[in-house]
Protein chains: 4
Amino acid sequence: MRKLLDAAMVVFARRGYHAARVDDIVKLAKTSHGTFYLYFSNKEDLLRALVIEAGTEVATLDQLLGPVGPDPEGWQELRAWMSRFSEAWQRYAPVIRAWTDLAMTDPELGAQAHSAAGGVSSTLAKRIAEAGPDEGIDPIAAAEAVVAMIDRFHYLRQFTGEPVDDTALDTLTTMVHRALFTGTAARKPRPRGSSAVRKARQML
Amino acid sequence: MRKLLDAAMVVFARRGYHAARVDDIVKLAKTSHGTFYLYFSNKEDLLRALVIEAGTEVATLDQLLGPVGPDPEGWQELRAWMSRFSEAWQRYAPVIRAWTDLAMTDPELGAQAHSAAGGVSSTLAKRIAEAGPDEGIDPIAAAEAVVAMIDRFHYLRQFTGEPVDDTALDTLTTMVHRALFTGTAARKPRPRGSSAVRKARQML
Amino acid sequence: MRKLLDAAMVVFARRGYHAARVDDIVKLAKTSHGTFYLYFSNKEDLLRALVIEAGTEVATLDQLLGPVGPDPEGWQELRAWMSRFSEAWQRYAPVIRAWTDLAMTDPELGAQAHSAAGGVSSTLAKRIAEAGPDEGIDPIAAAEAVVAMIDRFHYLRQFTGEPVDDTALDTLTTMVHRALFTGTAARKPRPRGSSAVRKARQML
Amino acid sequence: MRKLLDAAMVVFARRGYHAARVDDIVKLAKTSHGTFYLYFSNKEDLLRALVIEAGTEVATLDQLLGPVGPDPEGWQELRAWMSRFSEAWQRYAPVIRAWTDLAMTDPELGAQAHSAAGGVSSTLAKRIAEAGPDEGIDPIAAAEAVVAMIDRFHYLRQFTGEPVDDTALDTLTTMVHRALFTGTAARKPRPRGSSAVRKARQML
DNA sequence: CATGAATGAGTGTTCATTCAT
DNA sequence: AATGAATGAACACTCATTCAT
């Protein structure tokens, strides 16, 4: 029942998963408790349904990310994708938060939802690898970090109340693009030889 | 009572704030319910205490971040800070999660804890501003994004079970450093004219 | 609707009256909830219908019990009746159980069904009285006891899983027949004087 | 908590197990829901406790049954035992009924309680076997039948409202005693030869 | 200071019953 | 006559909190 799913989103948004009473959801959806349990076997089951819904939406994000490179076209590509991501995130923010709440208690749900998120970051990792990222960047960790940044950035902005507008997305995009594709930046000085050798050298 | 605070951390880590019963904490601390309410007026009050504790620890992180610039010394500085941050985050991970759980329901707690986190990111913003970051980077948003990235990256790694080791921290540091200080990177091309005009041009 | 009555019997047999959900019955009968309430105003009403059905069946048992006396023909008569009784009991076992479950809560139903059972035992009482039972036997109590024994014996056998076969029925018949018609058996010695006096006598 | 056990007995007696609300029990015991679940993990668990209590009481009945024979002393022995049995049954009548209600749904409980009842009837079976019962009596089936009779007789008397007084117990005792130990009674005519032979004979 | 038995408001869930189609 | 989606009253159970000892 769509009405219930929508209502649940609203209530989760307002009070969080735990504080959300079935009664609240049911009242907002203008249905009865019976109807709730007709469509979902659980409060958790309802969340699971929302997670799946969000997951399929997120899955489409995978395909929307074309080749990303150091050039301005890469930036544009990334920026467009960022918009979609931001939009999707904001739509499903309550679900993401609820998932976070529950994932710890229920490892199964954690795994289920994690695989969805993993889809996005692994696609991103592939794109980064394709583009031949700079030295010192592990595509997988980098992709995870990017998703993490965008995710949490949106979350924090919810608290400050400030919107995630174009300017913010531009900054995010720029940061990500630079982070991944700027070979000239200062980086960790490569240690030469083993650390034992290094120590020995310093003693000379 | 230290025993209670420590026990609470463990239980929060295991089951999350909501699923954590006072009974669990009390049993682990080998005290009684009565003692619990002798020291804390609430389960929430206990969390508040932990948040304060974490907050003071985090506050010291502020002072540990020296000037950060585009040069290798900047990278080193950032890397050292990242280590401290990572360590602190991992120590207080359960508290951070619990806060996240509650912040939505209890705006007051949200504000209190947010100011702590805000301290870190505002110091970082100052450092970024001091270093004269590249065009297209808003120091405040950038600082927030960086903290967001590190925060969430750690959280996600908890789920995958993979540790946040030196390699991961190196990658994070490099990404952050590049993101902030690489003037030569491709950046958002300034749009000329309206998008309608642009489209028209492409048709020629 | 016969389908519903049959289905109800099956479900009552499987799960008992209380645990039997209308949903179960309806599903087994391959009809809908609506149909159920078209024919019965209640779950209890359905049971009432089954009790009536069982009652009429039991009523025929009355007429099947001919004169019973101490002689072998009496035994045969009793044995034949026992077979019919056993058969009927096993057919309506779930109804009897359900009635038992409910009778306490709903005195009206209790009375209704009790009258049915009462029919059997009163007929039996009449037969016993006709046959001139031995001294020390109250026909009414005896008849009740016999019905009670047969009833419960069947019930207990359901639990042990052992069938109520011919051997068991033979034993039951023999017990009943002996219990009622054996004048030579030892019986309650009429007490003479106080027990102290009795003891004294025995010492002589 | 004795108060709870006692209250539960009363409520089970009044309304039966299923209709008995935890609230009823708790109110009668003048405690709270919390206290209930402090001592019992379930409504079912409470019943289990009562069943165990009744079981131990019933177990003592085993030892109170001395040798039983066809003579008047046997009758006296049986009569004394019958009194104890009747008393115990009446004390635990609600428990027995509740068990009956549940046993079908919960096989485990059924087995547990059945073993208690089994103790009594197996002891009785032993006594019967010792006394050398008459031909045509299977000690085990007979013992079961006796217990069944007494059990159900009491139950039915609850409905009619008539008390189980000394007269009734006398009648029961006499019936049982006669049923078991009266060799001269008419009994099932021993069939000679196989049933095929018998049929053939009848055709002559 | 410490205890832990007792509390009861709050909540998820079930299931008999209804009624628009 | 038949359906089955919708209803909501009723109930078992939890757990943060208190207070007499």
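- Checking E:dT7, F:dC13, F:dA5 against the side-chain heavy atoms of A:Leu38 singles out F:dA5 as nearest.
- Residue A:Ser41 is classed as having no contact, given no heavy-atom separation below 4.0 Å to the nucleic acid.
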Practice prompt. Show your reasoning for whether salt bridge (charged side-chain N to carboxylate O under 4.0 Å, His left out) applies to C:Glu53 and C:Arg48.
Written response: CA-CA 9 Å; C:Glu53 199 173 289; C:Arg48 214 179 293 274; over 6 Å; no
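- For A:Ala20 and B:Lys30, each mapped to the nucleotide of DNA chain E holding its nearest heavy atom, the one lying further toward the 5' end belongs to B:Lys30.
- Comparing atom distances between the A:Tyr37 side chain and each of E:dT14, E:dT3, E:dT7 picks out E:dT14 as nearest.
- In this structure, F:dC13 forms a base pair with E:dG10, meeting either the Watson-Crick or the G-U wobble geometry with both donor-acceptor distances under 3.5 Å.
- Atom CD of B:Glu44 is separated from atom C1' of F:dC15 by 16 Å (rounded to the nearest Å).
- Checking the phosphate oxygens (OP1, OP2) of F:dC13, a side-chain nitrogen or oxygen of D:Asn42 falls inside 4.0 Å.
- Separating the CZ atom of A:Arg15 from the P atom of E:dG12 is a distance of 10 Å, rounded to the nearest angstrom.
- For F:dA5, neither phosphate oxygen OP1 nor OP2 lies less than 4.0 angstrom from any side-chain nitrogen or oxygen of A:Tyr39.
- With A:Tyr39 as the aromatic partner, A:Lys3 does not meet the cation-pi criteria of under 6.0 angstrom to the ring centre and within 45 degrees of the ring axis.
- The side chain of C:Ser32 sits closest to F:dG4 out of F:dA6, F:dA16, F:dG4.
- Which of F:dT18, F:dC13, E:dT7 sits closest to the side chain of D:His33 comes down to F:dC13.
- Pairing for F:dA5 goes to E:dT18, judged as Watson-Crick or G-U wobble with the two contacts each under 3.5 Å.
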Practice prompt. Any chance you could lay out the salt bridge (charged side-chain N to carboxylate O under 4.0 Å, His left out) test for C:Asp24 and C:Arg21, step after step, and finish with the verdict?
Written response: CA-CA 5 Å; C:Asp24 296 330; C:Arg21 275 163 285 153; 3.6 Å; yes
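- Regarding B:Phe40, its CZ atom lies at a distance of 15 Å from the C1' atom of F:dA16, rounded to whole Å.
- For B:Ile25 and F:dT17, the CD1 to C1' distance is 14 Å, given to the nearest whole Å.
- Residue A:Asp23 contributes atom CG, which lies 18 Å from atom P of E:dA9 at whole-angstrom precision.
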Worksheet item: When you look at D:Ile25 and D:Phe12, which way does the side chain to side chain contact (heavy atoms under 4.5 Å, CB included) test go after all the steps?
Response: CA-CA 9 Å; D:Ile25 298 170; D:Phe12 286 169; 4.2 Å; yes
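- For the pairing with D:Arg97, the side-chain contact (heavy atoms from CB on, under 4.5 Å) check across D:Tyr92, D:Tyr155, D:Tyr17 returns one residue only, D:Tyr155.
- Side chain of A:Val22, nearest nucleotide from E:dT3, F:dT17, E:dG12: E:dG12.
- Between the CZ atom of D:Phe36 and the P atom of E:dA5 there is a distance of 18 Å, rounded to whole Å.
- Protein atom CG of C:Leu47 is 13 Å distant from nucleotide atom P of E:dA16, rounded to whole Å.
- In the set E:dA6, F:dA1, E:dT13, the nucleotide with an atom closest to the side chain of D:Thr35 is E:dA6.
- When the C1' atom of E:dA16 is taken as reference, atom NE2 of D:His18 falls 15 Å away, rounded to whole Å.
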